[in-house]
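This report refers to the structure that appears directly beneath it.
Every chain is numbered from 1 and lettered A, B, ... according to where its sequence line falls, protein lines coming before strand lines. Predicted, not measured: the structure shown is a model, and the values here were computed from it.
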Amino acid sequence: MAIKHQTPMLDELEKGPWPSFVTDIKKMAEAGKEACADLLGQLELSYKDKEGHWKHGGIVGVLGYGGGVIGRYSDVPELFPGVEHFHTLRVNQPASKFYKTERLREILDIWNRRGSGMLNLHGSTGDMVLLGAFTEELEPIFGEMTSKGWDLGGSGSALRTPSCCVGKARCEWACIDTQDLCYTITQEFQDELHRPAWPYKFKFKISGCPNDCVASIARSDCSIIGTWRDDIRINAEAVAAYAGGELAANGGAHGQETKLDIQADVVDLCPTGCMAWDGKTLTINNAECTRCMHCINMMPQALRPGTDTGATILVGAKAPILEGAQLGSVIVPFMKLEEGQYGDLMDFAEKAIDWWDENGKNRERIGELIQRLGLSEFLKAVEIDPDPRHIREPRSNPYIFYKEDEVPGGFQRDIADYREKHAR
Amino acid sequence: MAIKHQTPMLDELEKGPWPSFVTDIKKMAEAGKEACADLLGQLELSYKDKEGHWKHGGIVGVLGYGGGVIGRYSDVPELFPGVEHFHTLRVNQPASKFYKTERLREILDIWNRRGSGMLNLHGSTGDMVLLGAFTEELEPIFGEMTSKGWDLGGSGSALRTPSCCVGKARCEWACIDTQDLCYTITQEFQDELHRPAWPYKFKFKISGCPNDCVASIARSDCSIIGTWRDDIRINAEAVAAYAGGELAANGGAHGQETKLDIQADVVDLCPTGCMAWDGKTLTINNAECTRCMHCINMMPQALRPGTDTGATILVGAKAPILEGAQLGSVIVPFMKLEEGQYGDLMDFAEKAIDWWDENGKNRERIGELIQRLGLSEFLKAVEIDPDPRHIREPRSNPYIFYKEDEVPGGFQRDIADYREKHAR
Amino acid sequence: MQDRITDIGPPKYDEMWPDVIKDNYGKWLYHDILEPGVLLHVSETGTKLYTVRIPGTRLMTTDQAEEYCKIADEFCDGYFRFTTRNNIEFMVTDESKLEALKKALADKGNMPLGGTGAGVTNIVHTQGWVHCHTPAIDASGVVKAVMDDLFEYWGSHKLPAQVRISLACCLNMCGAVHCSDIAILGVHRKPPVIEHSHLDKMCEIPTTIAACPTAAIKPSKEEVDGEVYKSVTVNADRCMFCGNCYTMCPAMPLADADGDGIALWVGGKVSNTRSMPKFSKLAVPFIPNEPPRWPTTVKIIRQIVEAYAADANRYERVGEWAERIGWERFFEKTGLEFSHHHIDDYRFAATTWRNSTQFKW
Amino acid sequence: MQDRITDIGPPKYDEMWPDVIKDNYGKWLYHDILEPGVLLHVSETGTKLYTVRIPGTRLMTTDQAEEYCKIADEFCDGYFRFTTRNNIEFMVTDESKLEALKKALADKGNMPLGGTGAGVTNIVHTQGWVHCHTPAIDASGVVKAVMDDLFEYWGSHKLPAQVRISLACCLNMCGAVHCSDIAILGVHRKPPVIEHSHLDKMCEIPTTIAACPTAAIKPSKEEVDGEVYKSVTVNADRCMFCGNCYTMCPAMPLADADGDGIALWVGGKVSNTRSMPKFSKLAVPFIPNEPPRWPTTVKIIRQIVEAYAADANRYERVGEWAERIGWERFFEKTGLEFSHHHIDDYRFAATTWRNSTQFKW
Ligand code: SRM
Ligand code: SRM
Ligand code: SRM
Ligand code: SRM
Ligand code: SF4
Ligand code: SF4
Ligand code: SF4
Ligand code: SF4
Ligand code: SF4
Ligand code: SF4
Ligand code: SF4
Ligand code: SF4
């Protein structure tokens, strides 16, 4: 089919070695998909204007769900009728994003017939994002989707689609079953995911170890990160092989030809200085190890996390709006999370969310609420004792809010008693 | 003379190896000084009550001065008439606190005759603090004092008595003439020292090198700290002597028997890692040195600061009241301060103080004002270009306040123009 | 309606696994990156699993997705996966299949192996002008231009450590842009232009006022063409262009061809490896929008990457490097200008000042 | 009145110098601490200057000061000095005089040599119950009790590094208490008790209200003995006992025998040596006032010093030690309890939380 819009600027993005989304979309436009043609046309206009051309939101959705669909309309619909409506559906991805092609095609097929044919694999939260549907198609898409066993993810002041790293499926370091956790949490919270009822959004992300390959510590209100309590496992033979230059440094991450200098690259870079190497034996003072993963990353064939595994739970990460970005803060230093035994986690999540739900202002993330009311208040709400592991350093200002019952005699005093001893 | 008050609790403080202020005061009380006797008596009462017994302030002073005297009255004067009035005079100490006994006796003599005989050598700001005078004695004391060449220091919303480390008088590391600077500043600001006219107090402190022996970086609104721009001077022979165990580590600070391991104690502890030691030669990559003093402290006979000396000026240190404690922040990374050539410094101080005076709220220290209006605003006021040396790290939040003239087309826009391109 | 299926959640993960994953779940022993884009994972069962990684554009058509499905069908028993950074991974257990797969991908032309180890992997990004209503920049176009330029680092392991680049098209930062080695951020620089004649109809005034973190918005009455409307005014001096008002109220758009552009941030990280996670810090406050290929942005990012490549120690992330050499050296070595905008003036500003005489000339 | 001398400032420093200082000003080459309390400074002129340091109590009588003058007259040509930490230094150029001086000091009994190098020097402190109106504790008495106990470290060089102890008797912190290796701080824990019948007469109500950093004070009308007064009320939940209201208004005293006591802080430093200057951090939130010898405070300080002495590396200050081993270990090794009060909840609180999985079990 002939090209509907000239896109001289976008055409520049067909050049170069990186795969071109323009080439991709153009092909589909040329194959007759009007939405794709008009999407390119409108994008070209945005390139010319240096301004986007989508209207602000719009409340659309599927019956009985409060989220999962983001409304979007063109602000130049007469020029680009194919994207006059361009709503997205957030489809909940399978945990850690493995696909059986047969199953993925269920979605592709629905989307080809009823949507724009454009998608994001995946959205930043983790969903399969179907980009561009007309309002009237939403309900049919949803019907077809669910009948095939797919469901929408979250949006609005609700739980957002949880996500996780590849974990035990293909990583030797996973200390927890990230997929199972992700799936279980998603299932447990189906109502909260689909029916916004909270002060604002809430995200769970789960990484199998402190490398945090799903960036949970930066992007999730509740970040669950695998860790261990016992000793790093050492394979002395493999240590010797690294020392002898038989194995590549850092699992080959710097090329197979880059070998390891155990002293300089491992021991000297250990942040706690708890390792020693005498040219023959590598020893770790595990009590002083903070499980940063550096040594394990450097020598994957020689070192492995311990076997008494579980997770550290951090709360409060978020992007800057409104009060500035936050990273997650340690709340539960260690929680056992054996497969299927997630009761403690669910209890914790419930307490945390209840407290936030009760105290949070409109559009206040849990991390901001903790800032406003204090970390201590939050710890009390989730019934966790204060621990130096909650903090990087103790307070340096002297402004302690004592409660009346902490002080002998309480707060009530009589000025007359005072004046009896101290003349005015 | 017989003891006026029983002081069983205070008597406990006569025991032990550390010199006892109680024993000292008791002696003077026994020698007939009523103020001393009553001071002990009242202090004993405070020990019993676990509450102090001084009234709140009281405005007293000497003619024409707004500060230098702190009013104080007993709240149990009938019991302790000798300390019914117990005002302090802050007498400006000589820079770095050397005394010729003859001169010091001038003060002791006046104070013996007209005051309580109690003093602090010295107050936390640096003054000689004469503790305990009756109101009617203030003016005579002042008259006698000035006739001998002594003057009061500061109090109230004024310049406070500047102070400095021993510097060139007895320290090999002084990069600036701390005494001369301290004296010159004090003299230049006599009016501001004696007549409170600012939003709050303002302190200068001057240390000869980054060891900061007068704790200026923690306690002074304007902290002047000596430093250098060229290379650390190395005496290779002395280096060899340290290596050979002939010289004690750290100038004997750990005992003459503690010797230096140049690699472990110096090179490995250099915070920038800019030193190297091959067992024979010590080399310093001076470009990467941050002049922390560690290596020089460790080997005073081998290493010395460079010769292109001057000062780093930091602004804003203070105690916690109100907004929390602050350390000084680098404002002038380097200023030459050759003896007597302090024009740049005075210009700088004037600009800084003027800005504070104009913008500061009542009881707002300059450091708090900088927090409120922004470090950038202060840099503009003192006409200093922004420099990465002003900060530990660049901003991490995206909330930049652009000014209208920085943005092409300015801030005024017409909604009609916008709507022409973007339908509602 | 009564048969309507809801709240079933996503398909269970193990429906999506090939047998090799089922059989070796939780049994992996170690991995080895054989070459850029090719991982080997060895299981305690003795199984060897080869993973081949190619770039995903994230924004793609169903046709493109079908392409991946076909490859997976041909080589991987009909299974494949996406990474957390939108790359695509094909897995095979047999070394001979690995070679065939690599060849097939090479033949495609737009499926170059890479994204592993000490290089630049895919840029995590957001919608830009392709879908969102608040962007200050496009997303996919900028990513394409930057990755074309940095392509040599996609398929090689020659950087000191991994360099994670992210892009968000507005301050909402839909991504981990605030903790990336290099972050590309769309920023507005003009206060909202207000449509007084419609504001009261389109927005809730109290919510709009409450949305502003700096309390720059006040209620007002405004006359337009002789008619008086309830509306709001913005104190431009207090506006820091966060766009939060627009999120709450469509009658207050910020987008502007001259006002909008890119800010670059550096030195963030997420992993707990060696140093604790860190926020990204401002490197370049503003670069104008230069579609279609954003040459200035591309150039400056290369400048940063090259300065880092030349100067950092091996195994040192960008932020670790900057902190070790000091930010004064970072600006010197990258050739970037330091300005007032780099000095924080938000809530924790005072914690970022230099409270020490320690710095380098 | 017309002959009144004003604004002459202090005597010029060089009037106070012995010849040896005049002759060697700015010429010193190096120093060596010969033994605890005895410094040698060597000048490029060849001059050797011996300094002997003894403790000052800071709070002293003119008689005591006269004692120092006499020693200075006898051994030091009538010159001596005070240090920035209120110690007293006598200087001689002649080794034989040094011995005589040392002997004379030893004979005094209360003039023990020390305060140099890797030990505990004098405690910088404030007024306490001896002079100020806002203290929560005494100053001189606590200092005496603590120094008696730590006396072995005054005259020796056996600690890992210098340990600087400071005391302030209220949150005004008249001293560098906020940046000390160990800080003793007087704290109130009861909100002000208000003298409604006199407040309006004694204080300016608006200034009093403005003084409160947490906005806990509100204007009010109060009835006392049938008469109604303009006064203020304090919202006790918002009061953090800073005493700033009392500074502005004498009708609002905080002092209370049960409420007041000591908080201990650790790990601050001022020098730019190795690590940058640091604030002290909370170690023990509250210890009751125990005059005359504050045994619990004395005991806990010793506990901290001993844990530090046993565990720190040489040349490592208390704060450097705590940061290296981690605060979880600090509390373990010192045997101190960690409580809610240790968790910051003031302005920069969020910057003190643990944003990483890095910690020790
Ligand atoms: C689609 C997606 C970007 C993408 O291209 O992938 C997205 C798109 C939007 N985000 Fe987001 N966010 C998306 C992931 C994120 C993430 C990343 C994450 O979840 O890991 C973040 C940062 C983490 C966080 O939650 O803080 C994020 C932080 C925000 C914020 C700022 C929230 C804050 O507390 O700072 C907003 C503003 C708001 O909620 O008003 C926002 C708002 C929005 C809105 C709804 C715009 C708005 O102002 O209402 C965007 C709709 C765009 C559109 O029309 O398509 N989005 N948003 C991501 C969701 C796809 C998915 O479901 O997989
Ligand atoms: C006498 C002295 C303590 C001492 O025993 O040495 C002292 C005593 C008082 N100081 Fe101070 N300050 C003294 C040095 C300091 C220092 C240390 C310094 O200057 O190096 C500080 C910390 C550094 C600083 O300036 O921040 C200091 C920070 C304060 C503050 C808190 C100021 C702040 O911004 O945080 C106050 C409260 C106020 O000003 O309202 C204060 C207030 C007071 C008052 C006036 C009490 C009051 O509430 O009005 C005290 C009078 C006590 C009395 O009756 O004797 N004093 N004050 C020191 C002055 C002696 C001298 O001139 O040498
Ligand atoms: C496939 C993926 C997980 C997934 O569920 O999809 C993954 C997989 C692996 N990561 Fe990762 N990481 C993945 C995203 C991440 C992220 C998240 C991100 O970038 O948004 C991080 C945090 C980045 C950060 O700190 O900013 C991450 C930080 C690490 C680290 C820590 C590196 C460091 O020194 O800071 C390691 C260890 C290493 O590389 O030595 C690691 C190691 C690994 C290993 C070697 C784990 C293993 O034994 O299999 C995997 C191959 C590494 C490689 O590609 O070089 N992975 N990894 C993600 C691939 C993304 C991509 O397509 O490029
Ligand atoms: C006499 C005095 C200066 C004065 O003007 O009075 C002084 C004198 C010396 N100091 Fe100091 N310092 C003096 C207060 C300070 C202070 C201020 C304070 O404690 O309030 C500090 C900052 C303390 C802090 O960081 O909290 C200070 C931090 C240093 C340092 C840095 C030590 C470190 O590793 O952090 C050195 C270098 C060293 O000791 O190796 C030093 C070194 C020195 C030297 C060796 C300098 C020299 O070459 O003569 C002097 C003898 C040291 C000794 O006593 O062991 N001086 N020194 C002060 C003695 C106080 C006292 O009576 O105990
Ligand atoms: S977070 Fe850990 S367990 Fe998960 S994929 Fe990354 S390295 Fe593996
Ligand atoms: S995990 Fe990190 S802290 Fe622990 S031994 Fe290895 S490098 Fe050191
Ligand atoms: S600050 Fe430096 S110059 Fe001054 S006394 Fe201390 S070590 Fe010497
Ligand atoms: S002064 Fe400090 S930074 Fe400079 S070389 Fe010496 S130890 Fe290193
Ligand atoms: S970063 Fe901003 S513009 Fe981009 S998708 Fe998110 S909300 Fe939209
Ligand atoms: S852009 Fe942000 S700061 Fe500016 S008016 Fe809107 S909400 Fe307020
Ligand atoms: S610290 Fe407080 S109580 Fe002590 S002298 Fe200073 S103002 Fe007075
Ligand atoms: S003590 Fe401080 S917080 Fe409490 S009422 Fe007074 S000023 Fe406010």
Query raised in the report: Under a 4.5 Å heavy-atom cut-off, does chain A meet the side chain of A236(D), its backbone, both or neither?
Result: both

Query raised in the report: With respect to E393(A), which candidate in W327(D), W353(D), F330(D) satisfies the side-chain contact (heavy atoms from CB on, under 4.5 Å) definition?
Result: W327(D)

Query raised in the report: How long is the gap from NE2 on H342(D) to CD1 on I391(A), to the nearest 0.5 Å?
Result: 8.0 Å

Query raised in the report: Can you name the closest pair of heavy atoms from P250(D) and R419(A) and give their distance?
Result: O-NH2, 3.7 Å

Report summary line: So CE of M252(D) and CD1 of I415(A): to nearest 0.5 Å the spacing works out to 10.0 Å

Query - Heavy-atom closest contact (S280(D) atom, S396(A) atom, distance) - result: O-CB, 3.1 Å

Report summary line: Minimal heavy-atom distance between Y418(A) and A255(D), with the atoms involved, is CE1-O, 3.7 Å

Requested in this report: Examine distances only and state if a side-chain atom of R389(A) and a backbone atom of E328(D) form a donor-acceptor pair shorter than 3.5 Å.
Outcome: no

Report summary line: Smallest heavy-atom separation, Q358(D) atom then C292(A) atom, equals NE2-CB, 3.7 Å

Requested in this report: Would you indicate whether K221(D), at its atom NZ, is surrounded by more than 12 heavy atoms from other residues, nucleotides or ligands within a distance under 6.0 Å?
Outcome: no

Query - Side chain, backbone, both or neither of R329(D) within contact of chain A (heavy atoms, under 4.5 Å) - result: side chain

Query raised in the report: Does K190(D) reach the main-chain N or O of G410(A) with its side chain, forming a donor-acceptor pair under 3.5 Å?
Result: yes

Query raised in the report: Under the criterion side-chain contact (heavy atoms from CB on, under 4.5 Å), which of T352(D), D344(D), I343(D) is the partner of L375(A)?
Result: I343(D)

Query - Check: P398(A) and W265(D) side chains under 4.5 Å, non-hydrogen atoms - result: yes

Query raised in the report: If you count heavy-atom pairs under 4.5 Å with chain D, which of E404(A), R229(A), R291(A) comes out on top?
Result: R291(A)

Query - L282(D) versus chain A, the contacting section by heavy-atom distance below 4.5 Å - result: both

Report summary line: Bottom line for P191(D): the part with an atom under 4.5 Å from chain A's heavy atoms is both

Requested in this report: Go through the atoms of D387(A) and report whether side chain, backbone, both or neither lie under 4.5 Å from a heavy atom of chain D.
Outcome: backbone

Report task. Anything in residues 323-337 of chain A with a heavy-atom distance to chain D below 4.5 Å? Please list those residues in order. Result -> Q326(A), L327(A), G328(A), S329(A), V330(A), P333(A), F334(A)

Requested in this report: Heavy-atom distances under 4.5 Å only: say whether D417(A) touches chain D with side chain, backbone, both or neither.
Outcome: neither

Report task. Pick one of side chain, backbone, both or neither for I225(A), based on which atoms fall under 4.5 Å of a heavy atom in chain D. Result -> side chain

**Report entry** Gap separating the NE2 atom of H340(D) from the CG atom of D385(A), nearest 0.5 angstrom
**Finding:** 6.5 Å

Query - Which portion of P285(D) sits near chain A, non-hydrogen atoms under 4.5 angstrom - result: both

Report task. Output yes when D345(D) and R395(A) qualify as a salt bridge under the 4.0 Å nitrogen-oxygen rule, no when they do not. Result -> yes

Requested in this report: Would you please test M240(D) and I400(A) for side chain to side chain contact (heavy atoms under 4.5 Å, CB included) and show each step?
Outcome: CA-CA 6 Å; M240(D) 32 73 159; I400(A) 302 179; over 6 Å; no

Query - side chain to side chain contact (heavy atoms under 4.5 Å, CB included) between L171(D) and Y399(A), intermediate numbers included - result: CA-CA 9 Å; L171(D) 267 54; Y399(A) 296 152; 3.8 Å; yes

Query - Top contributor to chain D contacts, counting heavy-atom pairs under 4.5 Å, from T227(A), D212(A), I370(A) - result: I370(A)

Query raised in the report: With respect to chain D, which residue among P394(A), G409(A), P408(A) yields the maximal number of heavy-atom pairs within a distance under 4.5 Å?
Result: P394(A)

Query raised in the report: Would the number of heavy atoms belonging to other residues, nucleotides or ligands and lying under 6.0 Å from CD of E337(D) be above 12?
Result: no

Query raised in the report: In Å and rounded to the nearest 0.5 Å, what is the CZ to CZ distance from F401(A) to R189(D)?
Result: 15.5 Å

Query raised in the report: Tell me, side chain or backbone of D256(D) under 4.5 Å from chain A's heavy atoms, or both, or neither?
Result: both

Report task. Would you check if the side chain of R392(A) reaches a backbone N or O of S356(D) as a donor-acceptor pair within less than 3.5 Å? Result -> no

Report summary line: Looking only at E377(A), H422(A), E406(A), most heavy-atom pairs under 4.5 Å shared with chain D are made by E406(A)

Query raised in the report: Got a second to check how far K360(D)'s NZ is from N286(A)'s CG, nearest 0.5 Å?
Result: 12.0 Å

Query - For R354(D) against P388(A), the heavy-atom pair lying closest together - result: NH2-O, 3.0 Å

Requested in this report: For L314(A) and T357(D), run side chain to side chain contact (heavy atoms under 4.5 Å, CB included): C-alpha distance rounded to whole Å, both residues' side-chain angles, the deciding distance at 0.1 Å, then the answer.
Outcome: CA-CA 8 Å; L314(A) 304 96; T357(D) 58; 4.0 Å; yes

Query raised in the report: Between Y402(A) and H341(D), what is the ring plane arrangement, given parallel below 30°, perpendicular above 60°, and tilted in between?
Result: tilted

Requested in this report: Could you tell me the separation between the SG atom of C289(A) and the CZ atom of F359(D), rounded to the nearest 0.5 Å?
Outcome: 11.0 Å

Query raised in the report: What option among Q412(A), H390(A), K421(A) has the most heavy-atom pairs under 4.5 Å with chain D?
Result: H390(A)

Query raised in the report: Can a salt bridge be assigned to the pair E195(D) and R424(A) using a cut-off of 4.0 Å between side-chain N and carboxylate O?
Result: yes

Requested in this report: Say whether, by atom type as modelled, one donor and one acceptor occur between the side chain of W361(D) and the main chain of W228(A) under 3.5 angstrom.
Outcome: yes

Report summary line: Okay, T214(D) and chain A: the region with an atom under 4.5 Å from a heavy atom over there is side chain

**Report entry** Atom group of H198(D) that falls short of 4.5 Å from chain A, counting heavy atoms
**Finding:** side chain

